[in-house]
K.L.:
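Below are the structure tokens for one structure; questions will follow.
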Amino acid sequence: MEIDMTQGYSYPFIEQDRMEGEAIEALKASSQQSIPDADRWLDEELKRNIVLTSIDSVISWARRSSLWPAICFPACCAFELIAANASRFDLSRFGMEILRASPRQADLMITAGTLTWKMAPQVKRIYEQMAEPKWVIAMGACGISGGIFRSSYNVVPGYNRLIPVDVYVPGCPPRPEALLYGIEMLRNKMSKSSTIVI
Ligand code: SF4
């Protein structure tokens, strides 16, 4: 059969082609836009949730945030330590509100009180049984040098004669604020310590 092109039979096809062409061009135009970065959300997550640091820093942060003092308070400075541990001064902010009756669960000794030679072997043994790494704060004049009892025949003239002391907190007795300052000094010292040995 012969088609009479003048009757417009071809027109719908041409129009269809044109419409198809327009649709394809529109699709092309919309498909040329840049594809959103699939990982952009990941970048945001990384920015908010990842911190680059060293293993030493993390270990040191964990240790200085969970100091557990051993119970070893032979004399009157202990009352200021007890006050420091109460709600007003709040030692728990350093993770150290739990005073440990077992030296094996403690890594800090706060020497709150006069030490006699008779008690010295027990204090030394408590220190030796504490977990490594361990630290000592000599609290009060008696803990530092024997204080007002220094000349007495039966008083140890400072805990550092028996065990290594990291921080000295002077006073008779030191106020809780002074003890907190000493603890902060110890925490600074701990932040500079290195765990990884190469
Ligand atoms: S320093 Fe003063 S308060 Fe502390 S144990 Fe010695 S005498 Fe007592």
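We count ligands from 1, going down the list as the structure has it; atoms in each ligand are counted the same way.
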K.L.:
Could you list the donor-acceptor pairs under 3.5 angstrom formed by side chains in residues 126-144, with sequence neighbours left out?
P.N.:
unit_1: Lys134; atom_1: NZ; unit_2: Tyr127; atom_2: O; d: 2.8
unit_1: Lys134; atom_1: NZ; unit_2: Met130; atom_2: O; d: 3.4

K.L.:
Using 2.8 Å as the cut-off, note every protein N, O or S atom close to atom 2 (Fe) of ligand 1.
P.N.:
Cys172 SG
K.L.:
Ile14 versus Arg18: any side-chain heavy-atom pair under 4.5 Å?
P.N.:
no
K.L.:
Only pairs at least two apart or in different chains count here, so list each salt bridge (Lys or Arg N to Asp or Glu O under 4.0 Å) that has a residue in residues 155-170.
P.N.:
Asp166-Lys189
K.L.:
Taking C-beta and beyond as the side chain, do Cys76 and Pro173 meet within less than 4.5 Å on heavy atoms?
P.N.:
no
K.L.:
Show every side-chain hydrogen bond (donor to acceptor under 3.5 Å, both in side chains) that has at least one partner inside residues 98-109, sequence neighbours left out.
P.N.:
Arg100-Gln105
K.L.:
Does Arg93 reach the main-chain N or O of Phe89 with its side chain, forming a donor-acceptor pair under 3.5 Å?
P.N.:
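The answer is yes, because a donor-acceptor pair under 3.5 Å joins these two groups.
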K.L.:
Output the list of atoms in ligand 1 that are nearer than 4.0 Å to some heavy atom of Gly113, sorted by atom number.
P.N.:
5 (S)
